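Here is the structure we will look at, set down as structure tokens.
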Amino acid sequence: MFHMEFMKKICSKVKEMEQPEMSKVMAGKLSLADKLLGSGESRVMFRWRSSLWKLLWQELLAYTASFMMISMVYRYTLTMEQQVQLEKLIRWCRHQSTGLPITFLLGFYVSLVVKRWWEQYCKLPWPDTVAIYLKGLVVGQPGKQRVMARVIRRTVIRYCLLAYILCIRRLSSRLKKRFPNMFELVKTGIVRSDEAMRIGNEESTEMYGSRWWIPLKWAIEVLTRAKKDGYINSAPGYSHLMGRLSEFRGALTEVATYGYLPVPLVYTQVVHLAVYVYFAVSLIGEQWIIWRKPGDEEVDLYYPIFMTVRFLFIFGWLRVAETLYNPFGEDDEDFELNELLNRHFKVAMTIVDENEEHPELKKDIFWNQADPELIENPEMDIEEGFGDDKEDFVFK
């Protein structure tokens, strides 16, 4: 009964907070920033973090300065005969640069890099499923068996997370800084000193030199003994639990394979060379011609407006690929694995633990309703349900 009244108070508070803003909008009393930059998603072009401006402002400034320097030399230091000769070169560069397949090469390359970036995140395993299976299958009788079942569940989850760290830290600079060696892992408690001695120092630089799979092997051995000792009573459940551990290992292997086998270097070099040559030629080919002939442009602008727009488009596209090429770095768009690991540890350990009982079983308010609807119920009294803690949940 108390949930509905709680939601009513939340809605009323939100309405009170929104009403002044709505009245300001209706009255045209927007702030100066809102009038100039817009509001909500319309401000996306004015953001700095992870933005196009943050990635390209230095390159754009240097490129524009180079263009203007060539323009000043062309206009004010060359003789008329030299200007005519340079204009022949300008026309030739302008004609030749139109045949470069920049959009085709760059578009295919960027789509490949973005696809790899997204797939690597999707393939990162989450321990929640393993923890749920452990919680439901590894049980024991009240007493020492119940305590040992809890030890088994926590140990298996700890081994899964240890394998996760040992595998991903070879790819991620964030995790490498956090856990530079096995000694730091021992200090966190995720691995005991005797276990670390059996795994080794994990400092090998060889592609397949890591022994990150050892903790998963131990987890399988622990569960096999648990089944033999009667902590796992369901044979199909044991089989499914082994399947979840195999999927966890397989996902780590797939993520590691992406790190071991990057995009071919030759393709990356071809794309970068095409972009750099195109804009190097454009420094000459995009100059405004002084001594015009029929068919030339009819205006003379000092600043290369459309070349700047083209530079932002193409170089921005290239910078997207460079930023997402290695998602395990420390750029703005790279995976925040430290927070993700903290979340996995907290959630998985909470699932397998026995620190509290589930809420008391009661009939819900939709009991015996033929056509239940999720709407506000004015008859519910939430204050009675919250008791002494109601002040922590009700807006004042």
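None of these values were measured; they are calculated from a predicted model.
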Practice task
Step by step, work out the side-chain hydrogen bond (donor to acceptor under 3.5 Å, both in side chains) result for Gln82 and Tyr74.
Solution key: CA-CA 9 Å; Gln82 291 172 334; Tyr74 163 55; over 6 Å; no
Handout entry: Pairwise side-chain contact, Pro215 with Ile199, heavy-atom cut-off 4.5 Å (strictly under)
Key = yes
Handout entry: Neighbour count above 12 (heavy atom, 6.0 Å) for Tyr276 OH
Key = yes
Handout entry: hydrophobic_cluster_shared for Phe248 and Ile132, side chain cutoff 4.5 Å
Key = no
Completion exercise
To the nearest 0.5 Å, atom CG of Leu162 lies from atom CH2 of Trp212 at 11.5 Å
Practice task
Would you name the heavy atoms of Lys135 and Ile351 that are closest together and state the gap between them?
Solution key: CD-O, 3.2 Å
Practice task
Taking only Lys NZ, Arg NE, NH1 and NH2, and the carboxylate oxygens of Asp or Glu, determine whether Glu336 and Arg174 approach each other closer than 4.0 Å.
Solution key: yes
Problem - Student check: side-chain heavy atoms of Phe315 and Arg310 closer than 4.5 Å - result: no
Problem - Lys177 with Glu184: basic N within carboxylate O range, under 4.0 Å - result: no
Problem - Over all atoms of both residues, closest heavy-atom pair of Leu137 and Ser234 - result: CD2-CB, 4.4 Å
Practice task
Taking atom CE of Met242 as the centre, report whether more than 12 heavy atoms of other residues, nucleotides or ligands fall under 6.0 Å from it.
Solution key: yes
Exercise for the section: Could you state whether Leu265 and Tyr267 fall into the same hydrophobic cluster, counting links through intermediate Ile, Leu, Val, Met, Phe, Trp or Tyr residues with side-chain heavy atoms under 4.5 angstrom apart? Expected result: no
Handout entry: Salt bridge Glu247-Arg244, side-chain N to carboxylate O under 4.0 Å
Key = yes
Handout entry: Cluster link Ile220 to Val156, ILVMFWY, side chain under 4.5 Å
Key = yes
Exercise for the section: Classify the angle between the aromatic ring planes of Phe335 and Phe328 as parallel (below 30°), tilted (30 to 60°) or perpendicular (above 60°). Expected result: perpendicular
Handout entry: Whether over 12 other heavy atoms sit under 6.0 Å from Met68 CE
Key = yes
Handout entry: Lys/Arg-Asp/Glu bridge criterion (N-O < 4.0 Å) met for Glu203, Lys176
Key = yes
Problem - Between Thr308 and Tyr63: side-chain donor-acceptor atoms closer than 3.5 Å - result: no
Fill in the blank from the handout: Taking every heavy atom of Leu105 against every heavy atom of Val271, the minimum-distance pair comes out as O-CG2, 4.0 Å
Practice task
Calculate, to the nearest 0.5 Å, the distance between atoms OH and CZ belonging to Tyr109 and Phe104 respectively.
Solution key: 15.0 Å
Practice task
Report yes if some heavy atom in the side chain of Tyr231 is under 4.5 Å from a heavy atom in the side chain of Ile152; otherwise report no.
Solution key: yes
Handout entry: Reported CG-to-CD1 distance for the pair Leu223 and Ile232, which is rounded to 0.5 angstrom
Key = 5.0 Å
Fill in the blank from the handout: Nearest heavy-atom approach of Leu78 to Gln83 is O-NE2, 3.7 Å
Problem - Atom CZ of Arg343: over 12 foreign heavy atoms under 6.0 Å - result: yes
Exercise for the section: Kindly work out whether a path of hydrophobic side-chain contacts (I/L/V/M/F/W/Y, heavy atoms less than 4.5 Å apart) joins Tyr278 to Val281. Expected result: no
Exercise for the section: For atom CE of Met72, decide whether the heavy atoms of other residues, nucleotides or ligands shown that lie under 6.0 angstrom number more than 12. Expected result: yes
Practice task
Could you tell me the separation between the CZ atom of Arg75 and the CD1 atom of Ile70, rounded to the nearest 0.5 Å?
Solution key: 12.5 Å
Exercise for the section: Could you tell me whether Tyr260 and Tyr208 have their ring centroids closer than 6.0 angstrom? Expected result: yes
Exercise for the section: Using a cut-off of 6.0 Å, state whether more than 12 heavy atoms not belonging to Arg146 lie near its atom CZ. Expected result: yes
Exercise for the section: State whether the number of non-hydrogen atoms from other residues, nucleotides or ligands found under 6.0 Å of Gln369 atom CD is greater than 12. Expected result: yes
Exercise for the section: Please report the closest heavy-atom contact between Ala256 and Leu171, naming both atoms and the distance. Expected result: CA-CD1, 3.9 Å
Exercise for the section: Answer yes or no on whether Arg169 is positioned over the face of Phe179, meaning its NZ or CZ is under 6.0 Å from the six-membered ring centre and within 45° of the axis. Expected result: no
Handout entry: Ion pair check, Arg225 and Glu221, cut-off under 4.0 Å
Key = no
Handout entry: Atom OH of Tyr258: over 12 foreign heavy atoms under 6.0 Å
Key = yes
Fill in the blank from the handout: Residues Arg153 and Val138: closest non-hydrogen pair is NH1-O, 2.8 Å
Problem - Aromatic ring pairing His240/Tyr133, orientation class (parallel under 30°, perpendicular over 60°, tilted between) - result: tilted
Exercise for the section: Compare all side-chain heavy atoms of Leu318 with those of His272 and state whether any distance is below 4.5 angstrom. Expected result: yes
